[in-house]
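We count ligands from 1, going down the list as the structure has it; atoms in each ligand are counted the same way. Given the structure is predicted, the values throughout are model-derived calculations rather than measurements.
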Amino acid sequence: MTEKLLIAGNWKMHKTPRQTVEYFEQFKPLVKGLESVEILICPPFIDIPAAVESVKGSPIKIGGQNCFYEKEGAFTGEISPVMLREAGCEYVILGHSERRHIFGESDEVINKKVVAALEEGLRVILCVGETLQERESGLTFTVIETQLKLGLSGVEDKLDKVDIAYEPVWAIGTGVAAKPEDAEEVHRFIYDKLRELNPQKAEKVRVLYGGSVKPSNAESLLSQPHIRGVLVGGASLKPDSFAQIAKIGDTLATSKG
Ligand code: 13P
């Protein structure tokens, strides 16, 4: 394994700028000295300046939860990749299931965002995942393959700047994570598909698992060979639980060498 495990927190629509500062005051000392994981937090847009200021001098990285595909223009309510970059973000999450299912984002729109974000020099975390109905209809692998291929269309040569988050929709916010061996099966499939897209760079991609990750299940998930990080929602909102997950990742990565 060449890259560090990525321990990423997606705050979704939680916390104000003041709460962001308070969070990092508590969180930073808890993760000081962890060297085998990369820690990323993606707060709401309005909290990004406070977050970037708070993590100065630490290795913690900040990312956006979404962005639009144009640089600027008459797009009320949108944020561009160049804005995220200038604000101090290194990453952006794209294609999250809440963007797909609540806000109706198609694979085509997500792909335009992926292209634009990579052009701006952001690293992209592209989210993929099946709904319960799709899983029960035996469509998991078809859905994942389509989301990957369409989402990454035209950027196959930039896979070293991309990470993938496998987030089964039925596991998000439900408290019921995928079984580690079931997640591993999908992660292995994702790596197979990434190798078809770019055999040289597929191994550079970290495929993260997301969906009800918490301190109590992080070890069993992260110890699977093809799970190279986690994308954490609810459990990233509390400094101590997110720090515990980061420590579990660090211990595992250190023991794996
Ligand atoms: P939960 O960890 O709250 O299930 O959310 C997962 C998620 O959607 C992260 O992007």
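- Annotation for K161: atom NZ does not count as buried by contact number, only 12 or fewer foreign heavy atoms lying within 6.0 Å.
- Distances between N or O atoms of G173 and those of ligand 1 include at least one value under 3.5 Å.
- Within the listing of ligand 1, atoms 9 (C), 10 (O) sit less than 4.0 angstrom from a heavy atom of L231.
- Heavy-atom contacts of K12 reach the following atoms of ligand 1: 5 (O), 6 (C), 7 (C), 8 (O) (cutoff under 4.0 Å).
- Within the 4.0 Å heavy-atom cutoff, S212 counts among the residues contacting ligand 1.
- Heavy atoms from other residues, nucleotides or ligands lying under 6.0 Å from CD of E72 number 12 at most.
- Evaluation of the side-chain hydrogen bond (donor to acceptor under 3.5 Å, both in side chains) rule for Q244 yields no partner, not counting sequence neighbours.
- Side-chain atoms of H187 and Q224 include no donor-acceptor pair closer than 3.5 Å.
- For atom 9 (C) of ligand 1, the nearest non-hydrogen atom from the set E98, Q65, E167, K214 comes from E167.
- With a 4.0 Å heavy-atom cut-off, ligand 1 is reached by the side chain of N10 but not by its N, CA, C or O.
- Close approach of ligand 1 to G211 is summarised as follows: ligand atoms under 4.0 Å from at least one heavy atom of the residue are 4 (O), 6 (C).
- Ligand 1 has no N or O atom lying under 3.5 Å from any N or O atom of V232, backbone or side chain.
- Listed by atom number, the atoms of ligand 1 under 4.0 Å from G234 heavy atoms are 1 (P), 2 (O), 3 (O).
- Applying the 4.0 Å criterion to heavy atoms of G233 picks out, from ligand 1, the atoms 1 (P), 2 (O), 3 (O), 5 (O), 6 (C), 9 (C).
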>> Show, in sequence, the C-alpha distance, side-chain angles and deciding distance for Q65 and Y91, and conclude whether the side-chain hydrogen bond (donor to acceptor under 3.5 Å, both in side chains) test is met.
In response: CA-CA 9 Å; Q65 297 174 11; Y91 282 82; over 6 Å; no
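- Within the structure, the salt bridge (Lys or Arg N to Asp or Glu O under 4.0 Å) test picks out the following pairs touching residues 11-23 (sequence neighbours left out): K12-E98, R18-E22.
- Put simply, the side chain of K201 never gets that close to the backbone of L159: no donor and acceptor are under 3.5 Å apart.
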